[in-house]
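A quick write-up on the structure given underneath.
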Amino acid sequence: MAFNVKRGIVIDASNNCALKCHKCERAWYLKNKIKPPGSNLTVDQFKKIIKYYNKFVEFTGQRGDVVLNPNLSEFLKITYEANIRTKICTAAGYRDKDWYVECFKANPNCTWVFGIDGLPHQSHIYRKNQKGEELFDIMVEGVKHLNNPPIWQYIVFNYNENNIEEAKELALKYGVNLELNISARWDKDKDPYKPKNEKYAKTPPR
C-alpha cells in the first residue's frame, strides 16, 4: 500500500454526550443500559491517525459529541498546522463561549456544523437536554472567528416544519448557512416527530 496517497477519515472522537436524541445510535445503548463503546481520543492517538489520513478529518458523532473531548482545541491546532481540511459536526453544547472561541481560533479554516433542529428555543424537543438558544449564540459567535460561515443543520420535524422561512431569515441576519435536512429515518406513521407535509417526510424503505 502506498502511504503517500492522501486519504480522509471520519472520527467519533468521544463516547460522551449530554443529549438524548431519539434516533441517535447512542440512544439504543442507553435504552438497553449498555455503556456506549469507545473513549475520548487522545492527542497521541490523533497524531498517529493523521500520519495516514492527511487529506481531511471530519469529527462527527454517533456515540458521542466531539465537544465533550477535552483535547479538541489541540486536534484543531494540529490540523491547522498540517493544512488538513477539517469539519466538526456538533449538537451537544455544554461548553462556555470562551472554550468555543479557543477552538475557533485554533483552526479558523475548520467548517463547523451545528445541529439545531428548528428555531433555537424549540430544538430541544428532539435534541433532548440541548440548550438551543445558547448553542445558537455560540454558532453566531463563530462567524467572527472562522473563515467559513458556520452551518446551521436543521432536520425538519413536525414541530419545526412551519418555521423554515423564519429560520432562513435568521440565518441571513446572522451570516450563517442554513442546511435543511430531510430525513427518511421514520418509524412509519407512528413516529412522533414525522412531518405532516409529505415533501419533508420521505417514506422509509420496507
Side-chain angles (χ1 to χ4, degrees), residues 10-14 16-31 36 56 58-68 86-95 100 104 110-143 146 148-206:
V10 178
I11 300 177
D12 212 339
S14 178
N16 297 311
C17 188
L19 307 187
K20 294 181 180 180
C21 305
H22 178 59
K23 286 290 186 178
C24 181
E25 181 182 325
R26 180 183 177 83
W28 181 90
Y29 290 102
L30 298 178
K31 181 180 178 181
F56 72 86
E58 179 177 336
F59 294 103
T60 187
Q62 289 298 317
R63 299 170 181 173
D65 194 299
V66 68
V67 302
L68 274 294
T86 310
K87 183 178 182 180
I88 289 175
C89 299
T90 182
Y94 287 84
R95 295 283 192 182
Y100 280 95
F104 295 153
C110 179
T111 298
W112 284 73
V113 181
F114 291 86
I116 303 174
D117 302 319
L119 300 180
H121 70 276
Q122 63 182 178
S123 182
H124 70 278
I125 295 173
Y126 176 75
R127 305 271 183 185
K128 303 294 185 186
N129 297 331
Q130 186 188 69
K131 299 177 181 178
E133 290 167 305
E134 290 183 15
L135 191 59
F136 187 88
D137 187 46
I138 289 165
M139 177 175 65
V140 171
E141 181 69 23
V143 175
L146 298 169
N148 306 306
I151 296 170
W152 174 5
Q153 183 189 71
Y154 184 124
I155 300 175
V156 181
F157 294 113
N158 56 15
Y159 67 83
N160 66 31
E161 63 185 313
N162 296 321
N163 302 118
I164 292 172
E165 291 306 315
E166 187 174 350
K168 289 178 180 178
E169 292 175 5
L170 276 176
L172 184 63
K173 176 180 179 180
Y174 291 107
V176 300
N177 291 333
L178 182 67
E179 177 186 281
L180 290 180
N181 281 14
I182 311 302
S183 178
R185 298 170 65 183
W186 309 114
D187 296 327
K188 298 186 178 179
D189 292 329
K190 295 181 180 179
D191 197 300
Y193 299 99
K194 187 176 181 180
K196 294 179 174 61
N197 190 324
E198 282 301 316
K199 72 177 181 178
Y200 299 132
K202 292 182 180 178
T203 303
R206 294 185 180 274

On a heavy-atom basis, which atom in [X] and which in [Y] lie closest, and how many Å separate them?
X: W186; Y: P195; answer: CZ2-CD, 3.3 Å
X: Y154; Y: A167; answer: CE1-CB, 3.6 Å
X: G115; Y: S123; answer: O-OG, 4.4 Å
X: G175; Y: P149; answer: O-CB, 3.5 Å
X: C17; Y: G64; answer: CB-CA, 4.0 Å
X: L178; Y: I164; answer: CD2-O, 4.5 Å

Item to check | Step-by-step side-chain contact (heavy atoms from CB on, under 4.5 Å) determination, I138 to F104 | outcome: CA-CA 10 Å; I138 289 165; F104 295 153; 4.2 Å; yes
Is the side chain of [X] donor-acceptor paired with the backbone N or O of [Y] at a distance under 3.5 Å, no angle test?
X: Q130; Y: A91; answer: yes
X: N158; Y: P192; answer: yes
X: D65; Y: G93; answer: no
X: Q153; Y: N181; answer: no
X: D12; Y: R63; answer: yes
X: E166; Y: N163; answer: no
X: Y159; Y: G118; answer: no
X: E161; Y: Y200; answer: no

What's the spacing between [X] [atom1] and [Y] [atom2] if we round to 0.5 Å?
X: K87; Y: N148; atom1: NZ; atom2: CG; result: 11.0 Å
X: L19; Y: Y126; atom1: CG; atom2: OH; result: 10.0 Å
X: R185; Y: I155; atom1: CZ; atom2: CD1; result: 8.0 Å

Next on the checklist: Tell me whether the rings of F114 and W112 are parallel (<30°), tilted (30 to 60°) or perpendicular (>60°).
Outcome noted: parallel
Checklist entry - Between L135 and Y100, is a side-chain contact (heavy atoms from CB on, under 4.5 Å) present by the stated rule, with each step listed? => result CA-CA 10 Å; L135 191 59; Y100 280 95; 4.1 Å; yes
Item to check | Partner residues of D117 under the salt bridge (Lys or Arg N to Asp or Glu O under 4.0 Å) criterion, sequence neighbours left out | outcome: R127
Checklist entry - So which of V143, I116, I151, L170 actually passes side chain to side chain contact (heavy atoms under 4.5 Å, CB included) with V176? => result V143
Checklist entry - What pairs of residues pass the ring pair (Phe, Tyr, Trp, His ring centres under 6.0 Å) test when at least one of them lies in residues 160-185, not counting sequence neighbours? => result F136-Y174
Checklist entry - Step by step, would you call Y94 with K131 a side-chain contact (heavy atoms from CB on, under 4.5 Å)? => result CA-CA 8 Å; Y94 287 84; K131 299 177 181 178; 3.8 Å; yes
Item to check | F59 side chain near V67 side chain, heavy-atom distance below 4.5 Å | outcome: no
